[in-house]
Amino acid sequence: MKSIKILGIETSCDETALAVVEASGDKSPRFRVLKNIIASQIDVHKEYGGVVPGLAKREHSRNLIPALYKVLELNNDKLQNLNAKSISNDKIQNIENILERYPDMLEEFKEKIIPLKKPDIDLIAVTYGPGLEPALWVGVNFARALSAIWDIPLIGVDHMEGHVAVNLLQHGNSKSETLNSKQIQNHKLQIQNKIQFPAVALAVSGGHTQLILVKDWMNYELLGETQDDAAGEAFDKVARMLDLPFPGGPYIEKLAKEGSADAFDFPRPMEKSMDYNFSFSGLKTAVRYTLDKMTKKEIRTQRANLAASFQEAVTDVLVNKTVKAATQYGAKTVMLAGGVAANQYLKNALGEKLEEKLPNTQYMVPEIKLATDNGVMIAIAGYLRYKNGETGDWKTLRADSNKLITE
Ligand code: KG4
Ligand code: ZN
């Protein structure tokens, strides 16, 4: 089976993430991660308590070329001694146009990329939306410049589709760490890496909370989404109220382990609504009001209980709506996706509920380090699009910050 190598590029938020993935096959594609590089900007945004788009753009433009060197295992020895004629003026002009908004990166590109030998890459896949507009554009333009200089096809990928598609990556024993053995037995987690359709995906990240009916790859229906804050955003905001660092999700999860989920009775917004939409802003406000009524000392002693009760409220809503959708649409597979899918408590709760209500449904969760933003997921989704006959090129690709998975 012929395999191809894909370079995946992700810059929609605060991670400059690049990966090289080898892929083969059509109906049951197989993937092998050859290299996965993530340059995180958390330290830059931390003091603002959230991601600042302009800073993200600046950091991506600084990080992309060094990250490319790492992901392609390049060093200065691979630079060719090009004489002026070996790269056409047209190509240089194209690169200058594509990167004109990033003068420093353009200079670095001329010095470090243009004189490189063309690498062993067959396809470039880049996130073009949804995400922070200036952050998306740097990645898209960088990918366009690489595609233009090396004549490699370029495919734009939906960020959320990437989160969902990373479930295709079989991850051997690592799943056994994330779910108990009974769940694994019942849901044949490792053994079955082929996704059976229709599938329902719960995509939960810092920017989005969506329930997606996956009829097949590239054939999606958005069943519902958050009406206000995303689930990850709620984790981050409540973490801030509890003086935890940014991004708060993992810190809430850790703190919650020492607390009781029954200690505070926080609301479960829209849990019983007839649709598949979500709302987390009211829950965040309920935590705020609770804190306002407590003394500093009480808060200190109750922090773990607050974290656990909040996490439980979010989990309840997510799990109940997902199982309801899976039942209504006869899902053969349920997939968890996005940064919040790194949350063990949510993973187990959804696994347990599925086991109880829909024991024949296959349940897939991403490996922890591939739940949050990465280039692997973009390479995988790019391959699916490529196999679907999609072609793209650097001349037409544009960022689209409000892109929907169904578009
Ligand atoms: O998908 P992602 O890496 O970036 C976006 O596309 O937004 O998701 C980041 C979000 C953040 O809000 C972060 O707090 C949350 O995922 N997150 C978690 C955990 N790990 C990351 N939330 C809860 N529990 C976790 N363990
Ligand atoms: Zn994401």
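Just the heavy atoms: all of them, side chains too, but no hydrogens, waters or symmetry mates, feed the values below. Read the numbers this way: they start at 1 and go in the same order the structure lists the ligands and their atoms.
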Give a yes or no on this: more than 12 heavy atoms of other residues, nucleotides or ligands lie within 6.0 Å of atom CZ of Arg398. yes
Could you tell me if the ring centre of Tyr251 sits under 6.0 Å from that of Phe235? no
Best match, Gly248, Ala231, Ala239, Gly249: closest heavy atom to atom 23 (C) of ligand 1: Gly249
Examine all N, O or S atoms of His163, backbone included, and report whether one is under 2.8 Å from the Zn ion (ligand 2). yes
Identify the closest protein heavy atom to atom 12 (O) of ligand 1: which residue and atom is it, and at what distance? Asp236 OD2, 2.8 Å
Atom name in Asp373, limited to N/O/S, at shortest distance from the Zn ion (ligand 2): OD1
Which ligand 1 atoms, with their elements, are less than 4.0 angstrom from a heavy-atom of Ser205? 1 (O), 5 (C), 6 (O), 7 (O), 8 (O)
Please evaluate residues Arg62 and Glu108 with respect to the criterion salt bridge (charged side-chain N to carboxylate O under 4.0 Å, His left out), reporting the C-alpha separation (whole Å), side-chain torsions for both, the decisive distance (0.1 Å), and the verdict. CA-CA 9 Å; Arg62 285 178 181 168; Glu108 201 182 351; over 6 Å; no
If you scan protein heavy atoms around atom 24 (N) of ligand 1, the nearest is Asn343 ND2, 3.0 Å
Determine, considering heavy atoms only, which of Asp14, Val204, Val340 sits nearest to atom 15 (C) of ligand 1. Val340
Within a 6.0 Å radius of atom NZ on Lys46, are there more than 12 heavy atoms belonging to other residues, nucleotides or ligands? yes
The answer for which part of Gln344 has a heavy atom under 4.0 Å from ligand 1 is neither
Taking atom types as modelled, find out whether Glu10 and Ser12 have a side-chain donor-acceptor pair closer than 3.5 angstrom. yes
The atoms of ligand 1 lying under 4.0 Å from a heavy atom of Thr372, numbered in the order shown, are 3 (O), 21 (C)
If you measure from each heavy atom of His163 to ligand 1, is any distance below 4.0 Å? yes
Asp151 and Lys91: salt bridge (charged side-chain N to carboxylate O under 4.0 Å, His left out), yes or no, with the steps? CA-CA 10 Å; Asp151 297 312; Lys91 272 198 173 172; 2.9 Å; yes
Mark up the atoms of ligand 1 that fall under 4.0 Å of a heavy atom belonging to Gly232, in ascending order. 12 (O)
Closest protein heavy atom (residue, atom, distance) for atom 2 (P) of ligand 1: Asp373 OD1, 3.2 Å
If you measure only the distance, is there a donor-acceptor pair under 3.5 Å linking the side chains of Arg144 and Asn141? yes
Answer yes or no for Cys13: is there a heavy-atom contact with ligand 1 below 4.0 Å? no
Once you round to the nearest 0.5 Å, how far does OH of Tyr363 lie from CD of Glu355? 11.0 Å
Atom 7 (O) of ligand 1 [closest protein heavy-atom partner, distance rounded to 0.1 Å]: Gly206 N, 2.8 Å
Check Asp228, Asp236, Asp229 against Lys284 for a side-chain hydrogen bond (donor to acceptor under 3.5 Å, both in side chains) and give me the one that passes. Asp229
Test your reading of the structure: does Ala371 have an N or O sitting under 3.5 Å from an N or O of ligand 1? no
With a 4.5 Å cut-off on side-chain heavy atoms, are Glu107 and Lys110 touching? yes
When you measure from atom 17 (N) of ligand 1 to every protein heavy atom, which one gives the shortest distance, and what is it? Gly339 O, 3.6 Å
Using a heavy-atom cut-off of under 4.0 Å, does the side chain or the backbone of His159 touch ligand 1, or both, or neither? side chain
For Gly207, counting its heavy atoms only, list the atoms of ligand 1 lying under 4.0 Å from any of them. 7 (O)
Would you check, one step at a time, whether the test salt bridge (charged side-chain N to carboxylate O under 4.0 Å, His left out) holds for Lys321 with Asp275? CA-CA 9 Å; Lys321 288 238 160 156; Asp275 54 22; 3.7 Å; yes
Of the protein's non-hydrogen atoms, which lies at the shortest distance from atom 26 (N) of ligand 1, and what is that distance? Glu253 OE1, 2.7 Å
To the nearest 0.5 Å, atom CG of Asn305 lies from atom CZ of Phe264 at 6.0 Å
Is the distance from the Zn ion (ligand 2) to the nearest N/O/S atom of His208 under 2.8 Å? no
